Protein chains: 2
Amino acid sequence: MKKLINHVDAVLAESLDGFAAAHADIVTLGAERQFVRRCNLTPGKVVLISGGGSGHEPLHAGFVGHGMLDAACPGQIFTSPTPDQMLAAALAVDGGAGVLFIVKNYSGDTMNFQMAAEMLDLDNATVLVNDDVAVENSTYTTGRRGVAGTLIVERIVGAAAERGDKLAELKALGDAVNKATASMGVALTSCTVPASGKPTFQLGDDEMEVGVGIHGEPGRRRVQLTDADGIATELVGAILKDLALKPGQQVILLVNGFGGTPMLELYLMVHAATKVLDAAGIKVVRHLTGSYVTSLEMAGCSITVTAVDHEWLTLWDSPLHTAALRWGV
Amino acid sequence: MKKLINHVDAVLAESLDGFAAAHADIVTLGAERQFVRRCNLTPGKVVLISGGGSGHEPLHAGFVGHGMLDAACPGQIFTSPTPDQMLAAALAVDGGAGVLFIVKNYSGDTMNFQMAAEMLDLDNATVLVNDDVAVENSTYTTGRRGVAGTLIVERIVGAAAERGDKLAELKALGDAVNKATASMGVALTSCTVPASGKPTFQLGDDEMEVGVGIHGEPGRRRVQLTDADGIATELVGAILKDLALKPGQQVILLVNGFGGTPMLELYLMVHAATKVLDAAGIKVVRHLTGSYVTSLEMAGCSITVTAVDHEWLTLWDSPLHTAALRWGV
């Protein structure tokens, strides 16, 4: 295992300390590193809290800040955070206007956020993200998995919270953005969880996993590595089939690296994906390209498409100031 | 070779097309993709042009935009762009106030930018960046190599150009920032140039290359992989020895991934590097953490330190709008 780490047990703590030091103008760590929260809360605003296993950086802590999340709870690598963490985060940032959880659909996460919601006596307080069209049910999931589309849900709902939307409106908006969002990914290599020290799965030198999950869960099929255009055709095809968009529909296109993929390749995938979308008459009106929802050092990428209208675009474009995404401020 | 590409010969062109599509609000491609330029130039401003071999994305095209470069010339992967490219870029963006080249110190780049300067009849028009303290002379370089510190030179000089500084002032500023900047890196794995199809160099399962160049050039020594604290001590130690900073000095700290390194590890390296800097009494006043000057999918990182005063910090913080770096706008 080749990693820039010290003791395996200290990876998360030391990385969070570095993150908090690097972004001390935006975030601060909660006691015992239970959560990352904004330094400056927006008074009177519904607070948005997310979280999940670590190893997907910059998700979620990198999305804490003005226009997106108020707090994020980091679990150990590929392991759900505990209900105590969400409880501590909510108590730290809730200003009385309400708490909304944004949760990727993994069994551990949904159970623990549910327990936290009960402890906090929150009703109707969770947006469950399940944008991965690759498979129904998977290693850690009943139903579809939540993957890179989570970023888009967190951003659009975060912007609406910032403008003063109420809890019920935000919950409805989050559900709607999730429904309008679909993703699918492909892995060229595995990743290695530090505590395990071994690759999570094995892939032959000429193989790829189509529809892979962000913890290396199996996808639709394992096939011989094909070219970028072939990959884009399959991923975008599955996404368009799921979303059933009409020609002329405007979308956000997120080409997301899994952690070990160079930008050179991600931009090439933007080109490949855009050709497929163009052919279907779908208009990409906003791009986001980079490694935002990762699987440690896994090589590969996912493609996410969100159908948007003018209002959602306005929310997307509004001022945003987080560690990983920043514009307009 | 596992990469998200189509034909090997089309990698750069397709990636540039994707890049230009994703950032059409900021950049446009020159004819035959000879350069990437800003859509909107700032009238009356000295123009800054950089460039170099591709495979280091987002350097340099990702730094084209308000507050940084006016144009960037992408060579083939790990290959200098041609003088014709710099000539075409300069003719496209020069508004009459002058042209400054910012060039990483590699023999091919310096020769080709020099030829372009002669074709354009430019005097005193190049800032040569040679921030890598690892070795004197290397595979492609006489003297020290230019690596991730180039980003900091391009940013601070770009900000000064935006405020209206004249050519001679910008040249002097660039030389001064370069002198105040030092970098050193470590590779855990090699990278594979698509046209070659084979890893550029071989590293054993328990080895790392200390002082590696951004094309996989040999560094100071190849040793057994050590922990993050040990790596930070060696890299920061070499940097501080070179810069000879006094306790209390304020610095920008750039922890840069080489393309295959997850953010989890980069932030852990921020933590490790900060401990070494703290012990030396050096004050990190700005952080930049991410994969900005890469070597395709190489795993590893470099650390860059720039000693700054209040004026340079003001320039660093001024509005910046490029594909890879954005703040204040």
Side-chain angles (χ1 to χ4, degrees), chain A residues 2-7 11-12 14-19 21-24 54-55 57-58 62 77 186 188-189 191 205-206 208 225 227-229 231 253 255 259-274 284 287-289 291 294 296-297 299-301 324 326-329, chain B residues 2-7 11-12 14-19 21-24 54-55 57-58 62 77 186 188-189 191 205-206 208 225 227-229 231 253 255 259-274 284 287-289 291 294 296-297 299-301 324 326-329:
Chain A
K2 285 188 147 179
K3 291 182 186 288
L4 298 166
I5 60 174
N6 293 305
H7 298 293
V11 169
L12 180 58
E14 291 180 1
S15 183
L16 285 170
D17 286 353
F19 175 80
H23 303 289
S54 295
E57 290 70 23
I77 292 172
V186 59
L188 307 192
T189 68
C191 54
D205 281 347
D206 60 346
M208 62 180 181
L225 181 62
D227 63 12
D229 284 340
I231 292 169
L253 172 63
V255 173
T261 310
M263 291 299 290
L264 186 81
E265 295 176 34
L266 294 182
Y267 282 120
L268 195 150
M269 287 301 299
V270 169
H271 180 63
T274 305
V284 179
H287 282 269
L288 186 64
T289 311
S291 294
T294 62
L296 296 166
E297 74 283 6
C301 75
R326 182 172 177 180
W327 53 70
V329 64
Chain B
K2 285 189 146 179
K3 291 181 185 289
L4 298 166
I5 61 175
N6 293 305
H7 298 292
V11 170
L12 180 58
E14 291 179 2
S15 184
L16 284 170
D17 286 353
F19 175 79
H23 303 289
S54 294
E57 290 72 21
I77 291 170
V186 60
L188 306 191
T189 68
C191 55
D205 282 347
D206 60 347
M208 62 179 180
L225 182 62
D227 62 13
D229 285 339
I231 292 169
L253 172 64
V255 173
T261 310
M263 290 301 289
L264 186 80
E265 295 177 34
L266 294 183
Y267 282 120
L268 195 150
M269 286 302 299
V270 169
H271 180 63
T274 305
V284 179
H287 283 269
L288 186 65
T289 311
S291 293
T294 62
L296 297 165
E297 74 283 7
C301 75
R326 183 172 177 179
W327 53 72
V329 63

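None of the values given here were measured: they were computed from a predicted structure. Convention: sequence-line order gives letters A, B, ...; per-chain numbering from 1.
Leu188(B) touches chain A through backbone and side chain together, each having a heavy atom under 4.5 Å away. For Ile5(B), the parts lying near chain A are the backbone and the side chain together; criterion is any non-hydrogen pair under 4.5 Å. The part of Ile231(A) that comes within reach of chain B is its side chain, from C-beta onward, which places non-hydrogen atoms under 4.5 angstrom from that chain. For a residue to count as touching a neighbouring chain, one of its non-hydrogen atoms must lie under 4.5 Å from one of that chain's; by this rule Val11(B) touches chain A with backbone and side chain alike. Heavy atoms of Leu288(B) lying under 4.5 Å from chain A are absent altogether.
Between Leu12(A) and Ser54(A), the closest heavy-atom pair is CD1-OG, 3.2 Å. The two residues Met263(A) and Pro58(B) have their closest heavy-atom pair at CG-CD, 4.4 Å. Of all heavy-atom pairs spanning Gly328(A) and Arg326(B), the tightest one is N-NH2, 3.9 Å.
Of the listed residues (Pro262(A), Ala22(A), Gly259(A)), the greatest number of heavy-atom pairs within a distance under 4.5 Å of chain B belongs to Ala22(A). Most heavy-atom pairs under 4.5 Å with chain A, from the set Ser15(B), Gly260(B), Gly18(B): that is Ser15(B). For the set Thr294(A), Asp229(A), Thr289(A), the count of heavy-atom pairs under 4.5 angstrom toward chain B peaks at Asp229(A). Ranked by non-hydrogen atom pairs under 4.5 Å with chain A, the options Thr189(B), Leu264(B), Val329(B), Leu296(B) are led by Leu264(B).
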Stepwise side chain to side chain contact (heavy atoms under 4.5 Å, CB included) check, Thr261(B) with Glu297(A): CA-CA 6 Å; Thr261(B) 310; Glu297(A) 74 283 6; over 6 Å; no
With a cut-off of 3.5 Å and sequence neighbours excluded, list every side-chain donor-acceptor pair involving residues 265-274 of chain B.
residue	atom	partner	partner atom	Å
Glu265(B)	OE1	Leu4(A)	N	2.9
Tyr267(B)	OH	His23(A)	NE2	2.6
Thr274(B)	OG1	Val270(B)	O	2.5

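Scanning for side-chain hydrogen bond (donor to acceptor under 3.5 Å, both in side chains) contacts around Lys2(A) gives an empty result, with sequence neighbours left out.
Sparse packing is recorded around CG of Asp205(A), with 12 or fewer heavy atoms of other residues, nucleotides or ligands lying under 6.0 Å away.
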